[in-house]
K.L.:
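Take a look at the following structure, please.
Source: prediction; values computed, not measured.
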Amino acid sequence: MARALYRAGVIDAVGYMPFNTLNLDFSKTRFAGAVVKCRLDVSIDEIDKYDAALEATTTAAEQYGIFAEMFLIEWNLEDAKGKSIPATKAGARLAPAALMRWTMNTWRSAIWNVEAPLDGA
């Protein structure tokens, strides 16, 4: 409703919807060519649920699956036979462990940071 009023010139501003994505850059890694897209702007509640789920796991495969279910949007990964690996919980178990760990670590860092400059320059 607010967006329609804004477009019609009835109100001057509309609320900001901060739901962006993170496109990971693997160009300087051994995974050059990989494209991985994750949800970036997540709520504190989602982070708390994610952290709790990670603490309850005992294997890396479970952790990768939880990440995929909650935050992975898409990727272009294929297995050794050229078959697409789905960007799902099951697919995360088939992805290279180093790629998954780097994805999760990079995502974790990105969700807590805001890009500069913040001074309006």
Side-chain angles (χ1 to χ4, degrees):
M1 176 73 167
R3 292 204 183 280
L5 293 173
Y6 173 74
R7 283 188 216 114
V10 175
I11 59 175
D12 291 332
V14 183
Y16 173 66
M17 297 173 60
F19 295 99
N20 298 302
T21 57
L22 175 65
N23 298 305
L24 296 174
D25 179 8
F26 291 91
S27 63
K28 295 180 181 173
T29 74
R30 69 177 188 254
F31 301 112
V35 175
V36 178
K37 188 176 191 179
C38 306
R39 290 183 50 226
L40 181 57
D41 294 319
V42 298
S43 70
I44 297 299
D45 284 344
E46 289 174 296
I47 293 167
D48 287 346
K49 288 176 187 172
Y50 175 66
D51 289 343
L54 290 185
E55 288 178 22
T57 64
T58 57
T59 68
E62 290 174 312
Q63 291 181 355
Y64 300 162
I66 291 165
F67 178 83
E69 278 187 318
M70 295 183 74
F71 307 114
L72 184 62
I73 297 172
E74 64 185 15
W75 60 22
N76 67 341
L77 303 185
E78 297 178 348
D79 66 15
K81 296 179 182 177
K83 183 179 175 190
S84 291
I85 298 173
T88 62
K89 182 177 183 175
R93 298 172 72 95
L94 303 173
L99 183 139
M100 285 303 303
R101 183 56 59 193
W102 190 85
T103 296
M104 292 167 65
N105 290 342
T106 303
W107 170 86
R108 174 72 74 166
S109 178
I111 63 172
W112 294 114
N113 294 304
V114 176
E115 298 83 14
L118 297 177
D119 60 2

K.L.:
Roughly how far, to the nearest 0.5 Å, is the CZ atom of Arg39 from the CD1 atom of Ile111?
P.N.:
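Between Ile111 CD1 and Arg39 CZ, I get 10.0 Å after rounding to 0.5 Å.
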K.L.:
Are any of the side-chain heavy atoms of Phe67 and Arg101 separated by less than 4.5 Å?
P.N.:
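The answer is no, as the side chains (C-beta and beyond) never meet within the 4.5 Å cut-off.
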K.L.:
Applying side chain to side chain contact (heavy atoms under 4.5 Å, CB included), run through Lys49 and Met70 and close with a yes or a no.
P.N.:
CA-CA 10 Å; Lys49 288 176 187 172; Met70 295 183 74; 4.3 Å; yes
K.L.:
Heavy atoms only: give me the nearest Leu40-Leu22 pair and the separation to one decimal.
P.N.:
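For Leu40 versus Leu22, the nearest heavy atoms are CB-N, 3.9 Å.
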K.L.:
What verdict does the side chain to side chain contact (heavy atoms under 4.5 Å, CB included) test give for Trp112 and Ile47, after you've listed the backbone C-alpha separation in whole Å, the side-chain angles of each residue and the deciding distance to 0.1 Å?
P.N.:
CA-CA 11 Å; Trp112 294 114; Ile47 293 167; 3.7 Å; yes
K.L.:
Are the side chain of Glu46 and the backbone of Val42 linked by a donor-acceptor contact shorter than 3.5 Å?
P.N.:
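No.
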K.L.:
To the nearest 0.5 angstrom, please state how far the OH atom of Tyr64 sits from the CZ atom of Arg93.
P.N.:
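Nearest 0.5 Å value for the OH-CZ distance: 11.0 Å.
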K.L.:
For Thr59, is there any backbone N or O sitting under 3.5 Å from a side-chain donor or acceptor partner on Glu62?
P.N.:
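Yes, Glu62 side chain to Thr59 backbone: donor-acceptor pair under 3.5 Å.
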K.L.:
Using the side chain to side chain donor-acceptor pair (under 3.5 Å) rule, collect all pairs that involve residues 102-111, keeping only residues at least two apart or in two chains.
P.N.:
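Listed by first then second residue: Asp51-Arg108, Ser109-Asn113.
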K.L.:
Taking all non-hydrogen atoms of both residues, which atom of Ile73 and which atom of Cys38 are closest, and how far apart?
P.N.:
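Where Ile73 meets Cys38 most closely, the heavy atoms are CD1-C, 3.6 Å.
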K.L.:
Could you measure the distance from the CG atom of Leu99 to the CG atom of Leu77? Nearest 0.5 Å is fine.
P.N.:
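Leu99 atom CG to Leu77 atom CG measures 5.5 Å (nearest 0.5 Å).
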K.L.:
Going by atom type alone, with no hydrogens or angles, which donor-acceptor pairs under 3.5 Å involve a side-chain atom of residues 24-35 and a protein atom two or more places apart or on another chain?
P.N.:
unit_1 : atom_1 : unit_2 : atom_2 : d
Asp25  : OD1    : Ser27  : N      : 2.9
Asp25  : OD1    : Ser27  : OG     : 2.7
Asp25  : OD2    : Ser27  : OG     : 3.4
Thr29  : OG1    : Phe26  : O      : 2.8
Thr29  : OG1    : Phe31  : N      : 2.9

K.L.:
Please report the interatomic distance CD(Gln63) to OG1(Thr57), rounded to the nearest 0.5 Å.
P.N.:
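Between atom CD of Gln63 and atom OG1 of Thr57 there are 4.0 Å.
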K.L.:
Might you point out which heavy atoms bring Ala95 and Trp75 nearest each other, and give the distance in Å?
P.N.:
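Minimum heavy-atom contact is CB-CH2, 3.8 Å.
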